[in-house]
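Lettering follows sequence order; numbering is per chain, from 1. Keep in mind that the numbers below use all heavy atoms, side chains included, and drop hydrogens, waters and symmetry copies.
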Amino acid sequence: MALHIDETVAAEAGAGHADPPRGPQRRRRGTLRTWVEIVALAAIAVVMLFPVVWMLETSLKEGRDVYAVPAKILSFDVTLDHYKDVFVQRDGSGTSDLAVSFKNSIIVAGTSTLLATLLGVPAAWAYSRFRMKAKKDQLFFILSTRFMPPVVVVIPIFLMYRDLGLLNTKLGLILIYAAFNLPFTIWMMKGFVDEVPAEYEEAAMLDGYSRFEAFWRYTLPLLVPGIAATAVFALIFSWNEFVFAIFLTSSDSVRTAPPAIAGLIGGTTIDWGLVAASAMVFAAPVLLFAFLVRKHLVAGVTLGAVRR
Amino acid sequence: MATTEIHAPAAPLTAPPAARRYRWLGERRLATLFVSPALALLLFLSIFPLLWALYLSFTNYSATRDTGASFVGLDNYIDILTSATVRQRAITTFVYVVGAVGLQTVLGFAIAYLISRRVRGRGALTTLFLVPMMLSPVVVGLFWRFMLDTQFGVVNSLLGSLGFGQVEWLTKQRTALLSLILVDTWQWTPFIMLIALAGLTAVPKYLYEAASIDRASEWFRFRHITLPLVWPLLLIAVMFRAIEAFRLFDLVYILTSGGPGVSTETLSFHVYKVAFLGFDTGVASAYGILMVLVVIVLAQFYLRYLEKLRSS
């Protein structure tokens with residue numbers, strides 16, 4: 001920020017109305033500053049996006065071009081072989097382990113999101129509408145469970161799952177992801193419920209509906225866009241989750257995509273083309289979904305705590 | 001309810017016969033019914049495990065031994081709190097948290113400020129800048145591990161074409177922690193930027209207009225209008241990031257696995273080693289409980305502040 005100080009005094013002081021006549025020099029410094037800012041933003045955009053572009057390029061390069069020194073940034077032969085390897089076994093014998101892990105990810109993320117939504121939405125509505133004992137404490141308690149370090153929580157969960165036979169099962173992952181998304185769902189949804197006036201339900205109850213029906217018939221339909229946005233965030237969080245996945249699952253048939261992709265760098269030789277392609281396949285739906293809910297990003301990434 | 005219908009014959013009730021079907025669901029019951037499943041899941045998978053860890057932290061239990069655990073009192077806690085190894089990890093974590101969050105705050109706010117001064121293309125720019133934040137730490141870790149490779153990494157390749165020598169980003173003690181901070185900064189600067197931008201665009205225009213009538217310098221406007229209004233929101237973002245950075249595990253795991261040596265071993269990563277490589281479950285539980293205490297303290301600050309902000 002300090003960078004701007006000396007320029008700012010001269011340049012922008014006259015941006016408003018009712019100014020003393022501005023000399024040509026002043027105006028030039030104003031436009032100069034605008035250009036400096038635009039160039040700075042462009043430079044930042046390049047730095048921010050270069051890694052993603054680079055990974056995309058790597059995923060499309062022939063094996064030898066991947067390791068070329070100096071790096072080939074613009075001229076390389078395009079191939080889709082790595083993407084084929086993501087889904088099909090090298091020897092052509094059916095689907096690859098990675099493809100199975102993607103399928104597992106879809107099942108686990110989808111079901112856990114559904115569960116978190118089914119439990120979270122009614123709870124959020126109840127917290128928004130009813131007086132409860134120590135409501136604020138309950139809500140803050142719920143949010144604070146989300147802040148627990150996953151590596152710490154996973155130790156007792158691991159022992160517990162071992163005793164319950166949930167270790168290395170999709171159900172185990174689904175349950176822990178639902179629990180991990182629940183605080184977020186409740187907080188985020190409570191914000192959406194707060195925006196729907198309680199008078200709607202009161203009017204419905206004057207018409208003779210019970211409270212439950214008032215919720216079901218009047219409030220719930222109004223909440224659908226909010227539920228969709230919340231569910232998309234929960235989906236992204238479960239889809240991206242790594243710590244629980246790597247400690248609670250071990251076999252290829254259960255593992256989700258993040259540990260499977262991370263497993264690609266375990267060996268002595270790393271096929272970076274394949275890593276890049278699988279990372280792109282993995283990241284693409286997240287970016288698409290994030291784009292769909294961009295209006296709610298501030299609330300989403302702060303777990304529903306900050307709303308505009 | 002039958003009585004109401006009898007006593008109001010003039011106006012036929014608009015309520016369909018299905019009305020009051022769930023009459024037995026009074027407010028109290030409804031609230032309990034709606035809230036308790038959610039709380040039950042949280043108790044089952046968040047609180048009960050922590051209580052279990054608390055119990056284990058007073059024993060010498062090991063997950064790989066079949067023999068039962070014996071009670072050792074506070075020994076595990078004393079071992080951890082007096083251990084030089086743990087102190088070393090705490091310092092690493094502290095450097096990482098302060099370095100990464102500090103860098104993200106400065107950069108994030110600067111970018112938000114630059115964006116807020118643009119009129120056109122603001123939405124598109126924001127969306128583009130947010131890409132890193134939405135990616136999984138696994139993907140981010142892999143991206144950067146590849147790009148920071150000493151021999152064929154693109155970063156060294158670009159530095160080489162500018163005339164710099166090769167940097168051993170991830171394989172030298174000195175640079176590894178710095179690399180970790182830089183990668184985390186790359187991923188999470190957009191987070192601070194997003195929230196700072198929300199604050200900046202919420203500053204009422206008339207304040208600036210009033211200031212410009214008073215011929216206030218832009219620095220004055222920044223210092224006395226922008227900053228005080230954005231500060232509370234920015235602080236929320238910073239605290240949130242600090243908690244997240246303190247818990248960080250996945251990026252370390254993928255990027256450096258704590259190495260070289262132990263130069264990037266954060267507390268989270270060390271707990272993992274004690275628990276899943278050393279199978280000292282009792283010690284690891286005590287370690288974990290201590291970390292949870294730190295998180296609870298940090299989270300309390302955060303939540304208190306949040307509450308103050310919401311009620312004002």
With heavy-atom distances below 4.5 Å as the criterion, would you say the side chains of [X] and [Y] are in contact?
{"X": "B:Arg145", "Y": "A:Ile270", "result": "yes"}
{"X": "B:Leu30", "Y": "A:Phe215", "result": "no"}
{"X": "B:Ile296", "Y": "A:Met148", "result": "yes"}
{"X": "A:Ile155", "Y": "B:Val271", "result": "yes"}

Q.
Is it the case that the side chain of A:Asn240 and the backbone of B:Pro137 share a donor-acceptor pair, with hydrogens and angles ignored and the cut-off at 3.5 Å?
A. no
Q. Donor-acceptor pair, B:Arg118 side chain versus A:Leu41 backbone, under 3.5 Å?
A. no
Q | Worked check of salt bridge (Lys or Arg N to Asp or Glu O under 4.0 Å) between B:Glu27 and A:Arg129 | A | CA-CA 10 Å; B:Glu27 293 213 344; A:Arg129 291 291 190 256; over 6 Å; no
Looking only at heavy atoms and a cut-off of under 4.5 Å, which of [options] has the most pairs with chain A?
{"options": "B:Gly123, B:Ser136, B:Gly141, B:Ser161", "result": "B:Ser136"}
{"options": "B:Leu39, B:Leu51, B:Leu248", "result": "B:Leu39"}
{"options": "B:Tyr302, B:Trp186, B:Tyr272", "result": "B:Trp186"}
{"options": "B:Phe246, B:Tyr55, B:Phe44, B:Phe269", "result": "B:Phe44"}
{"options": "B:Phe146, B:Tyr208, B:Phe152, B:Phe249", "result": "B:Phe146"}
{"options": "B:Ala299, B:Ala63, B:Pro132", "result": "B:Ala63"}

Does any backbone or side-chain atom of [X] lie under 4.5 Å from a heavy atom of chain B? Answer side chain, backbone, both or neither.
{"X": "A:Gln138", "value": "side chain"}
{"X": "A:Ile44", "value": "both"}
{"X": "A:Met48", "value": "both"}
{"X": "A:Ala178", "value": "both"}
{"X": "A:Val275", "value": "side chain"}
{"X": "A:Leu287", "value": "side chain"}
{"X": "A:Phe180", "value": "neither"}
{"X": "A:Ser278", "value": "neither"}
{"X": "A:Phe291", "value": "side chain"}
{"X": "A:Phe141", "value": "side chain"}
{"X": "A:Val66", "value": "both"}
{"X": "A:Leu264", "value": "neither"}

Atom pair [atom1] ([X]) and [atom2] ([Y]), whose distance is rounded to the nearest 0.5 Å:
{"X": "B:Asp250", "Y": "A:Phe244", "atom1": "CG", "atom2": "CZ", "value": "10.5 Å"}
{"X": "B:Leu306", "Y": "A:Leu143", "atom1": "CG", "atom2": "CG", "value": "8.0 Å"}
{"X": "B:Trp52", "Y": "A:Asp163", "atom1": "CH2", "atom2": "CG", "value": "4.5 Å"}
{"X": "B:Met134", "Y": "A:Trp239", "atom1": "CE", "atom2": "CH2", "value": "14.0 Å"}
{"X": "B:Arg304", "Y": "A:Phe140", "atom1": "CZ", "atom2": "CZ", "value": "9.0 Å"}
{"X": "B:Thr126", "Y": "A:Leu297", "atom1": "OG1", "atom2": "CG", "value": "10.0 Å"}

Q. Which heavy atom of B:Ser268 sits nearest a heavy atom of A:Val151, and at what distance?
A. O-CG1, 3.7 Å
Side chain from CB out, backbone as N, CA, C, O: work out which of these in [X] comes under 4.5 Å of a heavy atom of chain A, or both, or neither.
{"X": "B:Leu130", "answer": "side chain"}
{"X": "B:Leu128", "answer": "both"}
{"X": "B:Leu298", "answer": "neither"}
{"X": "B:Leu45", "answer": "both"}
{"X": "B:Leu303", "answer": "both"}
{"X": "B:Ala202", "answer": "neither"}
{"X": "B:Leu309", "answer": "neither"}
{"X": "B:Val295", "answer": "side chain"}
{"X": "B:Leu158", "answer": "side chain"}
{"X": "B:Phe220", "answer": "neither"}
{"X": "B:Tyr61", "answer": "side chain"}
{"X": "B:Phe240", "answer": "side chain"}
{"X": "B:Gln187", "answer": "neither"}
{"X": "B:Phe48", "answer": "side chain"}

Q. Between A:Val286 and B:Leu135, is a side chain to side chain contact (heavy atoms under 4.5 Å, CB included) present by the stated rule, with each step listed?
A. CA-CA 7 Å; A:Val286 175; B:Leu135 297 172; 5.8 Å; no
Q: For B:Val35 and A:Phe130, run side chain to side chain contact (heavy atoms under 4.5 Å, CB included): C-alpha distance rounded to whole Å, both residues' side-chain angles, the deciding distance at 0.1 Å, then the answer.
A: CA-CA 11 Å; B:Val35 169; A:Phe130 297 135; over 6 Å; no
Q.
Please determine whether side chain to side chain contact (heavy atoms under 4.5 Å, CB included) holds for the pair B:Arg117 and A:Arg33, giving the CA-CA distance in whole Å, both sets of side-chain angles, and the decisive distance to 0.1 Å.
A. CA-CA 11 Å; B:Arg117 293 174 51 82; A:Arg33 182 181 170 193; 3.3 Å; yes
Considering only heavy atoms and a distance below 4.5 Å, find which of [options] pairs most often with chain B.
{"options": "A:Glu241, A:Arg162, A:Met280", "answer": "A:Arg162"}
{"options": "A:Ile186, A:Val154, A:Leu49", "answer": "A:Leu49"}
{"options": "A:Phe50, A:Phe282, A:Trp272", "answer": "A:Trp272"}

Q | Whether B:Phe276 and A:Phe247 hold their rings parallel, tilted or perpendicular, with breakpoints at 30° and 60° | A | parallel
Q.
Applying side chain to side chain contact (heavy atoms under 4.5 Å, CB included) to B:Ile254 and A:Phe242, what does each step give before you reach the verdict?
A. CA-CA 10 Å; B:Ile254 302 275; A:Phe242 174 69; 4.1 Å; yes
